[in-house]
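Worksheet for the structure shown next.
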Amino acid sequence: DGGITQSPKYLFRKEGQNVTLSCEQNLNHDAMYWYRQDPGQGLRLIYYSQIVNDFQKGDIAEGYSVSREKKESFPLTVTSAQKNPTAFYLCASTPSGRGTGELFFGEGSRLTVL
Amino acid sequence: LAKTTQPISMDSYEGQEVNITCSHNNIATNDYITWYQQFPSQGPRFIIQGYKTKVTNEVASLFIPADRKSSTLSLPRVSLSDTAVYYCLVGDIRGNKLTFGTGTQLKVEL
């Protein structure tokens, strides 16, 4: 079945360590997104990418990095520069070049910094 | 990018109709209005999308007035399983920057 796969579902990290969250989609979507969600809060945009080898900062990009070397993949690295990385991370995708569409979300990755 | 404003929370009872309104005063010509539902520890799910007037599908209706500065998601005969957070997203869904608002926590009771 087509969809978005995020891994790992749960991740623990020590302070000062970088960690990479995986996001893979087989929907042939052009655009991909990373959101962060804190308890009881809405979704905040970290980075987004409209095409391969191109990406833009969202509202809270500091302390994060991404790459888009393949259409199917949009990994997010949480660096040691991110001061409060414990959160629920959601990846999404959508086709671009159309006037309508929906965001398809993965099941999320929950990162806890010890 | 159009900023959205929604009520923080709403309470209802099973079997009632629930209407959640979203304000988006600076909506652009190319923007569509999309609603999502999110359960705890899950990714949001698409509910309905519209551009103007009224749209209806098997789970909800979306009412958009002529000026498009607001929209109302209508959930008929809610059940306990409709307890969730509902987000209004306004934007040109073509790979552009898509920012969610704070959402509305709907609680349905018996």
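Throughout, a chain's letter reflects where its sequence line sits, starting with A, and its residues are numbered from 1.
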Can you tell which part of B:Gln38 gets under 4.5 Å to a heavy atom of chain A, answering side chain, backbone, both or neither?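 Contact with chain A: side chain only.
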Let me know if B:Tyr51 has heavy atoms under 4.5 Å from chain A in its side chain, its backbone, both or neither.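 No part of it gets close to chain A.
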Under 4.5 Å heavy-atom distance to chain B, tell me which part of [X] shows up: side chain, backbone, both or neither.
{"X": "A:Tyr35", "value": "side chain"}
{"X": "A:Leu43", "value": "both"}
{"X": "A:Gln6", "value": "neither"}
{"X": "A:Gln41", "value": "backbone"}

B:Gln6 side chain to B:Tyr86 main-chain N or O, any donor-acceptor pair under 3.5 Å?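 Looks like yes, one N/O pair under 3.5 Å.
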Indicate whether any N or O donor in one side chain lies under 3.5 Å from an N or O acceptor in the other, for [X] and [Y].
{"X": "B:Gln105", "Y": "B:Ser9", "result": "no"}
{"X": "A:Thr79", "Y": "A:Asn18", "result": "no"}
{"X": "B:Ser23", "Y": "B:Ser70", "result": "no"}

Pi-cation contact, A:Tyr10 with A:Arg110 (under 6.0 Å, within 45°): no
